[in-house]
Chemist: 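Got a structure for you, questions after.
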Amino acid sequence: MKPLHIFNSLHRKKQPFTPIVEGKVGLYVCGMTVYDFCHIGHARVMVVFDVVARYFKYLGYEVNYVRNITDIDDKIINRAIEAGEDFSQLTQRFIAEMHQDETSLNVQKPDLEPLATESMNDIILMIETLIDKQHAYLGPNNDVYYAVESFANYGQLSGRKLDDMNAGERVEVDANKRNPFDFVLWKSAKAGEPAWPSPWGAGRPGWHIECSAMSTRCLGNHFDIHGGGMDLQFPHHENEIAQSEAATGECFVNTWMHNGFVRIDDEKMSKSLGNFFTVREVLKQYRGEEIRFFVLSSHYRSPLNYSDEQLNESRAALERLYTALRNVTPAANPDKSDYIQRFEAAMNDDFNTAKALSVMFECANELNKLKSTDPEKAAKTATDLLTMAEPLGLLNQDPETYLQSSTGDDVAIDNDVITLKINQRLQAKADKNWALADQIRDELSQQGVILEDKGVQTTWRRN
RNA sequence: GGCUGAGUGGCAGAGUGGUUAUGCAGCGGCCUGCAAAGCCGUAAACAGCGGUUCGAUUCCGCUCUCAGCCUCCA
């Protein structure tokens with residue numbers, strides 16, 4: 001079978017993955033700026049790279065997954081002023097909210113979650129190095145800037161040349177900079193702003209330097225994979241490369257991975273456009289696992305169109321998989337089945353989760369058949385299905401529990417009431433009072449409860 | 001202006017130089033008191049125009065359309 005291939009944004013093609021250290025992988029992902037609730041776009045990053053980390057573990061790698069938290073920047077400061085609270089109270093609150101969303105989405109914790117505010121020493125050291133090496137300078141306004149012209153390879157990741165770009169396309173050119181594309185490494189504080197001491201006076205780090213400093217501290221000068229949303233490719237990741245490679249003189253990252261956007265009505269979901277849904281909002285209507293399935297139903301580099309219809313399809317799809325797993329006790333399967341092999345082939349092809357899921361559906365189809373014809377083989381096939389689901393972070397609940405769980409935070413009919421109604425209906429059925437039996441079933445159906453008769457027994461699920 | 005990526009059946013979404021994706025929805029059956037779930041069968045697609053080829057949805061070129069980036073952004 002072909003080994004794992006990953007699309008490397010740096011070279012715009014799929015390449016076989018070769019770890020720097022045999023059997024280990026260092027993965028750094030740009031995380032959230034914590035001044036608000038996570039939206040579905042953030043959820044996509046969380047889920048996609050959670051699957052990347054899980055699949056590496058599945059392949060037997062020792063994974064060191066680092067995802068930073070940006071807990072100081074202009075937006076945080078502004079939001080804290082609006083809310084009339086200390087910026088660190090604000091960020092702590094939204095860090096907790098983010099962790100809650102991750103739990104809802106069955107996203108495993110990264111191994112390390114460094115904070116910008118706890119990385120000041122590393123940041124300042126790196127800026128000093130950059131100044132010493134003439135890659136950075138102190139502007140007339142006392143801000144420290146990175147000099148993009150000092151780095152020969154500037155533009156390699158985003159595939160653009162300094163001359164080709166339109167300076168001031170959206171933002172006015174800053175006269176303190178020598179080149180309009182120079183970017184801030186250290187920003188001096190205005191009165192009342194949160195600030196840390198530095199050789200250039202009290203201030204705070206620019207956005208890009210924190211990731212260079214934190215990734216280097218956690219994973220070394222040169223590591224395997226760096227990921228994030230497509231929109232970070234330029235300037236954020238371009239600038240990280242410039243900073244890190246200029247400071248250390250070493251290659252920074254081997255493989256760059258960028259996930260596509262979530263869209264609404266064919267338009268990028270973003271805070272600035274205001275067309276975003278928070279994870280919290282969607283959880284009012286859908287299960288966390290349904291959101292997760294939705295994210296994985298298309299390839300991570302493709303756009304993902306958000307709509308209720310899509311979420312409803314994810315619901316139906318998960319229902320099918322969990323239904324297949326009902327009434328089977330999985331048993332160890334020592335053989336690597338054809339399904340597992342095709343699943344791995346799909347995942348090895350740049351984490352093709354959409355194709356991997358299609359293999360799971362074929363497996364579920366066979367499982368449904370085997371349940372009545374060959375229980376022993378069914379038990380093994382169930383294990384196959386669960387084996388594939390694990391690196392995707394799916395199907396980790398008991399099937400019956402999942403199918404009967406409420407489909408959102410909204411108030412739903414109580415389990416005890418359902419049981420009561422079912423018993424009433426069983427009596428009606430025994431009396432051959434079909435009209436009453438159907439009426440009860442219809443009533444429950446209107447409240448999202450589906451009944452399924454199996455001989456003298458009735459099972460139920462919510463949808 | 002520069003640079004990316006994409007256009008697949010009713011919807012979503014993989015993939016491939018010649019043979020079933022998969023899920024949902026549809027149609028016909030089996031099962032069921034009737035349903036639901038499940039199973040079996042079935043139909044339907046590759047933006048347009050050229051080119052390469054015995055053969056292209058798949059490779060190449062052009063056109064059209066859409067999306068993204070060009071210092072807020074996942």
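By convention in this document, chain letters (A, B, ...) are assigned in the order of the sequence lines, proteins followed by strands, and residues within each chain are numbered from 1.
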Chemist: Tell me which of A/His236 and A/Phe361 sits closer to the 5' end of RNA chain B, going by the nucleotide each one is nearest to.
Modeler: A/Phe361

Chemist: Is it the case that the base of B/C69 and the side chain of A/Ser158 share a donor-acceptor contact (distance under 3.5 Å, atom types as modelled)?
Modeler: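 In this structure, the two groups form no donor-acceptor pair.
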
Chemist: Once you apply the 3.5 Å cut-off to both distances, tell me the Watson-Crick or G-U wobble partner of B/G38, or none.
Modeler: B/C30

Chemist: So if I take every side-chain heavy atom of A/Ser302 and compare against B/C73, B/A21, B/A14, which nucleotide ends up nearest?
Modeler: B/A14

Chemist: Counting just side-chain N and O atoms, does A/Asn352 come under 4.0 Å of either OP1 or OP2 of B/G15?
Modeler: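 Yes, within the criterion.
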
Chemist: Tell me which nucleotide among B/C72, B/A74, B/U71 gets nearest to the side chain of A/Phe261.
Modeler: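 When the side chain of A/Phe261 is considered, B/A74 is the closest of B/C72, B/A74, B/U71.
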
Chemist: Please work out which of the three classes, parallel, tilted or perpendicular, describes the rings of A/Tyr146 and A/Phe183, given edges at 30° and 60°.
Modeler: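 Judged by the thresholds at 30° and 60°, the geometry between A/Phe183 and A/Tyr146 is parallel.
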
Chemist: Taking pairing as Watson-Crick or G-U wobble with both contacts under 3.5 Å, can you name the mate of B/A43, or confirm there isn't one?
Modeler: none

Chemist: Strictly under 4.0 angstrom, non-hydrogen atoms only: write out the protein contact profile of nucleotides 30-43 of chain B, one letter per nucleotide from the 5' end, B, S or -.
Modeler: ---BBBBSSSS---

Chemist: Could you tell me the Watson-Crick or G-U partner of B/C3, where both distances fall under 3.5 Å? Say none if there is no partner.
Modeler: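 Partner of B/C3: B/G68.
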
Chemist: Taking the side chain of A/Ser358 as heavy atoms from C-beta outward, which of B/G15, B/A74, B/U22 is closest to it?
Modeler: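 From the listed options, B/U22 comes nearest.
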
Chemist: By nearest atom, which of the nucleotides B/U71, B/G5, B/C73 is closest to the A/Asp231 side chain?
Modeler: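 Within the option list, the nearest is B/C73.
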
Chemist: Do A/Lys271 and B/C72 have a side chain to base donor-acceptor pair shorter than 3.5 Å?
Modeler: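 Result: no qualifying N/O pair found.
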
Chemist: Report yes if at least one side-chain N or O of A/Thr353 is closer than 4.0 Å to OP1 or OP2 of B/A14; otherwise report no.
Modeler: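 No.
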
Chemist: May I ask you to test the A/Glu193-A/Lys187 pair for a side-chain heavy-atom distance under 4.5 Å?
Modeler: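 Heavy-atom side-chain distance check fails, nothing below 4.5 Å.
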
Chemist: Starting from the 5' end of RNA chain B, give me the residue, A/Phe7 or A/Asn179, whose nearest nucleotide shows up first.
Modeler: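 So the residue in question is A/Phe7.
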
Chemist: Taking A/Phe294 as the fixed residue, which of A/Leu318, A/Leu311, A/Asn312 is the one that meets the side-chain contact (heavy atoms from CB on, under 4.5 Å) rule?
Modeler: A/Leu311

Chemist: Check the phosphate of B/A74 against A/Lys268, side-chain N and O only, distance under 4.0 Å to OP1 or OP2. Yes or no?
Modeler: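 No, because none of the side-chain N or O atoms of A/Lys268 sits under 4.0 Å from OP1 or OP2 of B/A74.
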
Chemist: Is A/Asp73 salt-bridged to A/Lys75, going by a charged N under 4.0 Å from an acidic O?
Modeler: yes

